[in-house]
Amino acid sequence: MTHHPLPIKPCPFCGDTDPAIDEISSDDWALCCNGCGAIGPYYHDDGSSEVGPKAIELWNRRPGEGLPAGISEALNTGDGTYRP
Ligand SMILES: [Zn+2]
């Protein structure tokens, strides 16, 4: 069975299609746009799943599409919002 990488949506700000996965702070991972420097919502690595796919899942979310449990709180505190 072939494992295809998850599709990554273009940056909502500049349209760049090749964001990089970076560790933003200790165990907090996010996709970062190479075009404009926008940072996607953080995924906190608690060891329960693969970091890459989770960070991509968060990056791919757009306003109005809903967020997974635990993430809305982070957005409300300003930690994990998209930052141009
Ligand atoms: Zn961008």
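Bear in mind that the values here come from a model prediction, so they are computed numbers and not experimental data. When a ligand or atom number is given, it counts from 1 through the structure's own listing order.
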Discussion item. Suppose we screen for side-chain hydrogen bond (donor to acceptor under 3.5 Å, both in side chains). Which residues come up paired with Ser26, at least two apart in sequence or across chains?
Written reply: none

Fill in: Min side-chain heavy-atom separation Trp59-Cys33 under 4.5 Å
yes

Using a 3.5 Å cut-off and no angle test, enumerate the donor-acceptor pairs between side-chain atoms of residues 10-21 and protein atoms at least two apart in sequence or in another chain.
residue	atom	partner	partner atom	Å
Asp16	OD1	Asp18	N	2.8

Practice prompt. Please examine the side chains of Ile56 and Leu31, heavy atoms only from C-beta on, and report whether any two atoms are closer than 4.5 Å.
Written response: yes

Worksheet item: Hey, which protein N/O/S atoms does the Zn ion (ligand 1) have under 2.8 Å?
Response: Cys11 SG, Cys14 SG, Cys33 SG, Cys36 SG

Item to complete: State plainly whether the residues Glu57 and Arg61 are in salt-bridge range, i.e. N to O under 4.0 Å.
Response: yes

Practice prompt. Applying side-chain contact (heavy atoms from CB on, under 4.5 Å), name anything that partners Ala30, two or more places apart in sequence or on another chain.
Written response: Ile24, Ile39, Tyr42

